Amino acid sequence: MDSSMVTQIEEIKKTIPSDIRLIAVSKTMPVESIRTAYSVGIRDFAENRLQEALDKKEQLQDLSDICWHFIGHLQSNKAKRAVENFPWIHSIDSLKIAKRVNRLAEEALSAGVITQLPQVCLQVKILPDESKYGWDIDALWQDVPEIKELNSLNLRGLMAILPLGLSKHETLGAFKNVKVLGDKLRTNFGSDFNQLSMGMSGDYPLAIEAGATMIRLGTIIFGRRRNN
Ligand SMILES: *Cc1c(COP(=O)(O)O)cnc(C)c1O
């Protein structure tokens, strides 16, 4: 058991309001690290590669109350297994994948493979960013009518990742703009569309200040990743 990780998680928890969902991003980390975080009460874990996540899930079957979150770009050919294995998908980043996940969720539910439709967030680029997936704001508004028709998705909110290199002031402003966008979209998508998945190790206090409901922390919990 890594006692420094235990201490670190306890310190982080003290700084986070209790109604904010702390998601531990365990990508590239071994299952032993997940077990340590679990022992300190963490139950939400996020992965960004499907096969890696399935391998870990398999090894952690005894921790049956873990809630798994998918946060990576989802390729079409992996959508089925993602739907079957992740109660939360934060990274719905195009109309095409939204429609596909919707159809697969409907099929998985009627086949009894899942008991609840997936909770999903729409990934937005609140600032232009060539290097990332997700909707630009205008493009998202264009797709709203079609997204609204996807009845097998629990549309829960937005996920945002900011471009690198912003000042604190710019970061806070960008997160606040995500909050404003989420509030506007709620009038279209309904009252359950109330989640903002934003904030990572380097910027989560600002995300919380702006209204984040879920923060995704990797490095600050598990230490630096070797290759990512
Ligand atoms: C890796 C990753 C994180 C965690 O980043 P840290 O800076 O290590 O906290 C959060 N969100 C997404 C989508 C990621 O891919």
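Every number for a ligand or one of its atoms is a count from 1 in the order of the listing. Throughout, residue positions are numbered sequentially from 1 according to the sequence presented. Here the structure is a predicted model, which means the values were calculated and not measured.
- Residue I161 has at least one heavy-atom neighbour below 4.0 Å for each of these atoms of ligand 1: 13 (C).
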Full working for side chain to side chain contact (heavy atoms under 4.5 Å, CB included) between I147 and W135: CA-CA 12 Å; I147 297 170; W135 274 276; 3.8 Å; yes
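- Here H90 has no heavy atoms under 4.0 Å from ligand 1, in either its backbone or its side chain.
- One distance of note links SG of C121 with CG of D93; it measures 12.5 Å at 0.5 Å rounding.
- No N or O atom of M159 sits closer than 3.5 Å to an N or O atom of ligand 1.
- For atom 6 (P) of ligand 1, the nearest non-hydrogen atom from the set A160, G202, S201 comes from S201.
- The shortest N/O to N/O separation between T219 and ligand 1 falls below 3.5 Å.
- With a heavy-atom cut-off of 4.0 Å, I220 does not touch ligand 1 at all.
- A salt bridge is absent between E10 and K14: the closest approach of a Lys/Arg side-chain nitrogen to an acidic carboxylate oxygen does not fall below 4.0 angstrom.
- The two residues Q195 and W88 come nearest to each other via the heavy atoms CG-CH2, 4.1 Å.
- Atom CD of E106 has 12 or fewer neighbouring heavy atoms from other residues, nucleotides or ligands inside a 6.0 Å radius.
- The nearest non-hydrogen atom to atom 14 (C) of ligand 1, considering only K27, R216, M200, comes from K27.
- With a 4.0 Å cut-off on non-hydrogen atoms, L217 touches ligand 1 through its backbone and not its side chain.
- No salt bridge links K27 with E52; every basic N to acidic carboxylate O contact stays at or beyond 4.0 Å.
- Ion pairing of E47 with K57 is absent here, as no side-chain N (NZ or NE/NH1/NH2) approaches a carboxylate O to less than 4.0 Å.
- Counting heavy atoms only, I71 comes closest to atom 12 (C) of ligand 1 of the residues I71, I215, I221.
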